[in-house]
Amino acid sequence: MKEQIKKIVDKYHKPESTSFCHYVIKENKIYRDCYGKHVGFNMFADNILLSLSRKTVLPDMEMVINLGDWPLIHKNSEKLAMFSWCGSDDTLDIVMPTYDITESTLENLGRVTLDTLSVQGNVERKWDDREPRAIWRGRDSRAERLKLIDIARENPDLINASLTNFFFFREKEAKYGPKVPHISFFKFFDYKYQINVDGTVAAYRFPYLLAGGGLVFKQDSSYYEHFYSKLNQWKHYVPVKSDLSDLVEKIKWAKNHDTEAVAIARNARDFANDNLLPLHIICYHAVLFSEWSKRIIDGVQVREGMTHVPQADFECDCESNKGIIHEDFLSDN
């Protein structure tokens, strides 16, 4: 493993373009060395490892976690072990649940933005009461998103789509703007249909779209998240060509086949409930790390200078209260 780490650092330590952390878990304690200019996303890797180490005793192991969006280990390069939040057809990275769904798992019921349960709990309209159009909002992180705006303007009766920010194509804001304010994600489900188009990589909103009980039109893509292999076209979502050339045709199909459309939408929600709830994300990480630890054949050692990632301080002293039964409990029972 030591040789693998050295090769990864030598090949991929490009401070302006890649960032990653080498983690060592030893005696259920977590240590790391980080490389690159932008390493703030190490908090997501820290948090899942800390959470797991509070729930169980992690095996001794070490791994490298990519902190960027793009997977790094291309199939035509040397096979090195890199954990990433997104995979692609031309890379070999070991794919974990995204930092987004992992954070929503760890902050479930306390997060104010989004998680698979809050999506289902905040959908206000039943299927028959939803507007029979497709909706999309997002930033300009891919050329196909600009094309989606063109398609929506040509078909306003079928698609409500707008850009919320310009960063990658600022020179085209005059044509594709004006940018519009963000709307609550829950309002997406005032519409029967939702469009999922890649951003810089896979669009990490996909799990929440599946959970909302709408019919998802998913762009064909070489990028994937950890659960994509379990999905089936026309069962959990409606596939759309990567250039979106058949999007209008597919939306018209859905409008003319409402019974089939609602069945796919329900399958998608069932899939989310069977695979993407917090317990599934926690267990996926636990099994993934357990299986990975079995493949480490040399000794796991904490290297000199590594940063220890401590558990957060808690106000209660769990040890001193162990075995104490509160008097109120006795009186009520």
Side-chain angles (χ1 to χ4, degrees), residues 1 5 8 18-36 38-73 81-87 93-119 201-202 204-208 211 224-228 230 272 275-296 300 302 306-314:
M1 190 67 197
I5 301 298
I8 290 173
T18 58
S19 299
F20 54 87
C21 290
H22 169 211
Y23 281 88
V24 170
I25 292 84
K26 183 75 173 179
E27 297 177 353
N28 212 39
K29 295 182 180 179
I30 300 158
Y31 306 85
R32 58 169 157 73
D33 274 333
C34 292
Y35 302 85
H38 305 287
V39 296
F41 272 31
N42 62 22
M43 67 178 181
F44 299 112
D46 290 356
N47 288 341
I48 185 60
L49 290 169
L50 289 170
S51 178
L52 287 170
S53 70
R54 291 193 297 270
K55 298 173 175 65
T56 187
V57 176
L58 290 171
D60 289 355
M61 60 180 170
E62 52 188 313
M63 70 189 83
V64 178
I65 296 181
N66 172 22
L67 302 179
D69 284 327
W70 290 274
L72 296 176
I73 311 300
M82 177 76 75
F83 286 78
S84 291
W85 289 306
C86 182
D93 298 46
I94 303 167
V95 179
M96 308 184 298
T98 67
Y99 63 83
D100 190 279
I101 198 169
T102 299
E103 183 196 21
S104 76
T105 291
L106 298 178
E107 299 295 329
N108 198 253
L109 301 181
R111 192 177 188 220
V112 297
T113 51
L114 202 59
D115 59 65
T116 50
L117 293 176
S118 66
V119 168
V201 288
Y204 291 171
R205 71 183 69 181
F206 193 30
Y208 314 117
Y224 57 86
E225 298 175 58
H226 77 280
F227 61 91
Y228 280 24
K230 292 185 176 181
N275 296 276
L276 299 173
L277 293 184
L279 77 159
H280 303 120
I281 303 304
I282 292 288
C283 289
Y284 193 99
H285 280 98
V287 172
L288 176 65
F289 295 150
S290 175
E291 290 299 314
W292 170 246
S293 71
K294 299 173 185 177
R295 288 160 171 76
I296 299 175
V300 176
V302 180
M306 296 191 86
T307 299
H308 174 230
V309 184
Q311 294 285 357
D313 292 329
F314 294 94

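Nothing fancy with the numbering, it's 1 onward along the sequence.
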Residue pair W85 / P97: nearest heavy atoms and the distance that separates them: CD1-O, 3.0 Å

Looking at every non-hydrogen atom in both residues, tell me the closest pair between I65 and A45 and how far apart they are. CD1-CB, 3.8 Å

Classify the ring geometry between Y31 and H308 as parallel (under 30°), tilted (30 to 60°) or perpendicular (over 60°). tilted

Quick one: are R295 and M61 in side-chain contact, heavy atoms under 4.5 Å? no

One should read off an interatomic distance between I282 CD1 and T102 OG1, to the nearest 0.5 angstrom, of 8.0 Å

Looking only at side-chain N and O atoms, does S290 offer a donor or acceptor that is under 3.5 Å from a partner on K294? no

Would you confirm whether N28, through its side chain, and L58, through its main-chain N or O, come within 3.5 Å as a donor-acceptor pair? yes

Heavy-atom neighbours of K29 NZ exceed 12 at 6.0 Å: no

So, do Y228 and F206 have ring centers that fall under 6.0 Å from each other? yes

Considering only heavy atoms from C-beta outward, does the side chain of Y99 approach that of D69 to under 4.5 Å? yes

Working to the nearest 0.5 angstrom, can you tell me the gap between F41 CZ and C21 SG? 12.0 Å

State, to 0.1 Å, how close Y208 and I101 come at their nearest heavy-atom pair, and which atoms those are. OH-CA, 3.4 Å

Which value, rounded to the nearest 0.5 Å, describes the distance between T105 atom OG1 and H280 atom NE2? 10.5 Å

Given side chains that start at C-beta, do those of M306 and I30 come closer than 4.5 Å, heavy atoms only? no

For V39 and S19, work out which heavy atoms get closest and say how close. CG1-CB, 4.2 Å

Over all atoms of both residues, closest heavy-atom pair of V24 and V300: CG1-CG1, 3.7 Å

Side chain D60, main chain E27, donor-acceptor under 3.5 Å: yes

With heavy-atom distances below 4.5 Å as the criterion, would you say the side chains of M96 and L288 are in contact? yes

When you compare the side chain of D33 with that of Y23, does any pair of heavy atoms fall below 4.5 Å? no

Close aromatic pair by centroid cut-off 6.0 Å: F83 and W292: yes

Are any non-hydrogen side-chain atoms of L49 and V309 less than 4.5 angstrom apart? no

Ignoring hydrogens, what is the shortest heavy-atom contact between N66 and P71? Give both atom names and the distance. ND2-CA, 4.1 Å

Contact between L72 and I8 at the side-chain level, heavy atoms closer than 4.5 Å - yes or no? no

Determine, for R32 against D46, whether the closest basic-nitrogen to carboxylate-oxygen distance falls under 4.0 angstrom. yes

Distance (rounded to the nearest 0.5 Å) between L106 CG and S51 OG: 5.0 Å

For the residue pair Y284 and F227, is the inter-centroid distance of their aromatic rings smaller than 6.0 Å? no

Approximate separation, where rounding is to 0.5 Å, of S104 OG and L277 CG: 10.0 Å

Flag side-chain contact, heavy atom, 4.5 Å: P278 against T116: yes

